[in-house]
Protein chains: 2
Amino acid sequence: MIERDTSNASEGADTVSGRTREALRAAHLYYMQDLTMDAIAHELHTSRSSVSRLLSHARASGLVEISIHSPLDLPSRIEQEILARFEIVAHVVPVPDHATDVDRLDRVALSAARILGRFVDSNQTIGVAWGSTMSAMSRHLVPKSTHNTEIVQLNGAGNGRTTGIVYASELLRRFGDAFGARVQQFPVPAFFDDPATRRAFWKERSTQRLLDLQAGMDVAIFGIGSPFAEVPSHVYQGGYLDRGDYEALSRDGAVGDVATVFYRADGSTDGIALNERATGPDFTVLRRAPRRICVVSGRAKLASLGGALAAGLITDLIVDEGTARALLEP
Amino acid sequence: MIERDTSNASEGADTVSGRTREALRAAHLYYMQDLTMDAIAHELHTSRSSVSRLLSHARASGLVEISIHSPLDLPSRIEQEILARFEIVAHVVPVPDHATDVDRLDRVALSAARILGRFVDSNQTIGVAWGSTMSAMSRHLVPKSTHNTEIVQLNGAGNGRTTGIVYASELLRRFGDAFGARVQQFPVPAFFDDPATRRAFWKERSTQRLLDLQAGMDVAIFGIGSPFAEVPSHVYQGGYLDRGDYEALSRDGAVGDVATVFYRADGSTDGIALNERATGPDFTVLRRAPRRICVVSGRAKLASLGGALAAGLITDLIVDEGTARALLEP
DNA sequence: CCCACCCTTGCACGTTTGTGCACGCGGCTT
DNA sequence: AAGCCGCGTGCACAAACGTGCAAGGGTGGG
């Protein structure tokens with residue numbers, strides 16, 4: 001859908017504005033004047049179905065923004081408690097407890113995608129990780145036009161079987177498209193086989209350039225990996241790690257990862273061998289970003305989330321209700 | 001609908017928050033997660049119809065706000081031209097040219113009501129006129145909670161047959177309810193019979209108090225009266241003026257009125273006899289309000305609108321498309 | 001303590017909206 | 001120059017939605 005506009009550009013700017021202009025007018029008539037689509041179709045001399053599509057377009061492209069204000073006197077209790085206890089801003093996504101994990105993830109990702117616009121602005125460098133959560137998010141981003149904004153891939157996505165480039169680049173591209181931003185890919189494997197290779201590679205100028213961008217991020221967006229949960233995250237399915245790696249992680253006491261960098265329940269990372277081969281940013285680098293948005297769904301990630309909080313990785317948390325409640329329990 | 005909350009307060013604050021809380025959750029599920037009302041009903045353990053009503057409530061009470069952003073590169077051409085030519089901010093409401101005047105007024109009023117929230121804030125004094133336009137608006141206001149805000153009636157509404165209090169007070173009350181504001185009525189006729197009575201009355205302390213409030217207005221909201229248009233405004237139907245008055249107005253060259261104060265095409269008011277008996281604020285007082293919002297619909301009011309512009313009464317104009325275009329024509 | 005009233009709920013119906021499909025009009029390619 | 005392909009359009013059907021109505025439940029007044 002979004003792509004259409006871009007490809008249509010070949011028809012001349014008039015046409016694309018024409019569509020937007022009509023969408024805008026339809027949106028006015030629908031949302032401000034409460035006309036039915038039928039009536040609008042009549043006013044615009046087109047069919048009702050076209051109006052329906054026009055309105056979808058208007059919403060999907062951010063022309064129409066729907067926001068929900070809780071009255072100041074009753075913000076979600078859970079969000080308040082999380083703020084008090086962890087000093088981070090939480091957005092709790094209501095999801096019934098009996099929902100499946102897939103549902104839960106989809107719904108959190110959808111909400112997250114719609115909230116994201118608040119954090120993204122012009123002249124920013126935005127770090128983006130990847131994984132099933134980020135992937136789901138990427139499919140629902142609401143476009144917002146910005147200038148001079150840059151999307152930077154936080155960690156490599158290649159593995160033994162694929163370069164991971166198609167997967168990660170597709171995801172990044174969606175972010176880039178949504179915000180009219182340049183995209184900086186990071187074409188390396190998720191984990192190097194040999195720490196020495198990584199160290200060597202890190203000295204390359206092309207790599208340095210990317211690392212510099214990461215070091216200057218304004219916003220970082222990531223999910224959380226949970227290697228020992230029943231439903232493993234993308235990283236753990238894709239053939240990125242072998243049996244030996246798992247055993248090492250277990251031995252080292254890892255409870256989760258952010259952008260392929262692992263940490264323990266207390267947030268520490270020192271001495272976790274696998275991190276020597278990982279491609280994500282060191283937490284000292286990550287923490288330089290003033291805004292660090294974490295999207296999590298599912299109680300299975302509770303322990304991992306706890307570790308990430310202990311590590312101080314998160315400034316803004318988007319999380320499903322059940323997990324949020326569990327977080328406050330102990 | 002709004003009243004319910006207030007009257008329900010007797011049930012205890014829990015219940016009212018309860019309803020709002022549910023509405024909020026339903027709104028999240030509907031607008032952020034794209035669930036169907038059926039699915040939401042299931043999650044909230046209620047019926048689909050209740051969810052429909054809950055969502056209506058959420059929109060009508062301002063929990064959900066729908067806003068339309070034109071991309072910065074294509075704001076309405078008409079609005080730009082009006083800004084350039086008259087140095088006022090225009091909001092053009094799209095209405096097809098063949099719409100009836102009643103339709104047109106309704107639609108402009110609806111849009112105006114929804115825009116109004118942007119102008120109203122805490123600690124403000126807001127002057128409100130009356131008439132068919134204001135009345136239509138008052139029925140669609142989107143609540144927004146404010147503190148210490150005051151609604152002040154700009155001009156009296158009584159006439160030979162009724163005190164006009166029920167009509168004007170109902171209108172004012174709707175404004176007050178919508179913004180949680182105190183309401184200051186102005187219980188005088190629209191026009192005194194004798195200028196001397198008016199002058200005397202103006203010296204009363206209770207009147208003075210109100211005039212002081214008017215003089216300190218932050219925002220004024222008014223329509224425009226068009227005495228010589230084919231479809232006369234409310235003032236001209238309600239028995240406020242007699243044949244002689246009309247003749248006098250015609251002789252004096254009046255083309256319109258704002259809050260029962262008449263002016264000529266060039267914006268001047270001096271020597272218009274009827275104004276000696278009118279109850280609305282003198283334009284020098286009105287112009288002290290930093291924000292002066294005028295809502296107009298219908299080409300019939302074009303000449304009157306021109307006069308109001310010449311008088312510098314307007315800082316923000318909400319107007320239907322046809323009239324806006326006509327305004328730019330000459 | 002009972003009654004009358006009002007508010008809320010769910011149902012059933014008619015209306016409104018979303019979407020797969022087939023068609024037709026360009027633009028681009030071969 | 002002809003054909004292919006992608007895109008937007010309207011149709012028709014199915015899904016989703018709004019609303020008048022009657023019934024239930026709770027509250028305040030008598």
Side-chain angles (χ1 to χ4, degrees), chain A residues 1-61 63-64 66 106-107 110 139-140 177, chain B residues 1-61 63-64 66 107 110 139-140 142 177:
Chain A
M1 295 168 180
I2 304 152
E3 295 87 327
R4 276 180 207 155
D5 270 0
T6 329
S7 59
N8 265 0
S10 54
E11 286 181 63
D14 268 358
T15 311
V16 58
S17 302
R19 184 170 171 82
T20 304
R21 210 175 276 279
E22 286 227 308
L24 220 45
R25 173 173 276 252
H28 262 286
L29 297 173
Y30 193 74
Y31 291 108
M32 295 287 130
Q33 297 187 25
D34 288 348
L35 299 198
T36 74
M37 295 187 181
D38 227 351
I40 298 172
H42 207 257
E43 293 201 5
L44 299 187
H45 307 293
T46 179
S47 73
R48 199 182 48 69
S49 20
S50 294
V51 174
S52 172
R53 287 186 264 254
L54 221 43
L55 288 170
S56 298
H57 171 71
R59 269 170 299 182
S61 63
L63 290 178
V64 170
I66 302 185
D106 269 348
R107 291 171 58 170
L110 182 53
R139 273 188 290 275
H140 300 290
D177 282 355
Chain B
M1 295 167 179
I2 305 151
E3 295 87 327
R4 277 180 206 155
D5 269 358
T6 329
S7 59
N8 265 359
S10 54
E11 289 181 60
D14 268 358
T15 311
V16 57
S17 302
R19 183 169 173 83
T20 304
R21 210 175 276 281
E22 286 226 309
L24 220 45
R25 172 174 275 251
H28 261 287
L29 296 173
Y30 192 75
Y31 291 108
M32 296 286 131
Q33 297 187 25
D34 288 347
L35 300 197
T36 72
M37 294 187 181
D38 229 349
I40 298 172
H42 207 259
E43 293 199 6
L44 299 187
H45 307 293
T46 179
S47 74
R48 199 181 48 71
S49 21
S50 294
V51 174
S52 172
R53 287 187 263 255
L54 222 40
L55 288 170
S56 298
H57 171 72
R59 271 170 296 182
S61 64
L63 290 177
V64 171
I66 301 184
R107 291 172 58 170
L110 183 52
R139 273 188 290 273
H140 299 290
V142 178
D177 282 356

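The sequence lines fix the lettering, A, B, ..., with proteins before strands; numbering per chain opens at 1.
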Practice problem: Calculate the interatomic distance between A:L55 atom CG and D:dT9 atom P; express it in whole Å. | Solution: 13 Å
Quiz prompt | Residue-phosphate contact under 4.0 Å: B:S52 side-chain N/O, D:dG18 OP1/OP2 | solution = yes
Quiz item: Is the number of heavy atoms from other residues, nucleotides or ligands under 6.0 Å of A:H140 NE2 greater than 12?
Solution: yes
Quiz prompt | Contact under 4.0 Å: B:S49 side-chain N or O vs D:dT19 OP1/OP2 | solution = no
Quiz prompt | Rounded distance (Å) that lies between atom C1' of C:dG10 and atom CG of B:L44 | solution = 15 Å
Practice problem: Give a yes/no on whether any side-chain N or O of A:S50 is located under 4.0 angstrom from OP1 or OP2 of D:dG10. | Solution: yes
Quiz item: With respect to the side chain of A:R53, which nucleotide from D:dT9, C:dG18, D:dG18 is positioned closest?
Solution: D:dT9
Quiz prompt | B:M37 CE - D:dA16 P separation (whole Å) | solution = 11 Å
Quiz item: Roughly how many Å is it from CG in B:L54 to P in C:dT8, rounded to a whole number?
Solution: 11 Å
Quiz item: Tell me: NE2 of A:H57 to C1' of D:dC7, nearest whole Å?
Solution: 14 Å
Quiz item: Should A:L54 and A:L44 count as side-chain neighbours, where that means a heavy-atom distance under 4.5 Å?
Solution: yes
Self-check item: d(CG, B:D38; P, C:dG10) in whole Å
Solution: 13 Å
Quiz item: Of the candidate nucleotides D:dC13, D:dG18, C:dT9, which contains the atom at the shortest distance from the side chain of B:R48?
Solution: D:dG18
Practice problem: Whole angstrom is fine here: how far is it from CZ in B:R59 over to P in D:dC17? | Solution: 10 Å
Quiz item: Just how far, in rounded Å, is C1' of D:dG18 from OH of A:Y30?
Solution: 11 Å
Quiz item: Looking at side-chain heavy atoms only, is the closest gap between A:I40 and A:R25 below 4.5 Å?
Solution: no
Exercise. Just call it for B:T46: base, sugar-phosphate, or nothing, with non-hydrogen atoms closer than 4.0 Å on any strand.
Key: sugar-phosphate
Exercise. Look at the side chain of B:S52 and the backbone N and O of B:R48, then say whether any donor-acceptor pair between them is shorter than 3.5 Å.
Key: no
Practice problem: Start with the C-alpha distance between B:E22 and B:T46, add both sets of side-chain angles, then the distance that settles side-chain contact (heavy atoms from CB on, under 4.5 Å), and finish with yes or no. | Solution: CA-CA 11 Å; B:E22 286 226 309; B:T46 179; 5.6 Å; no
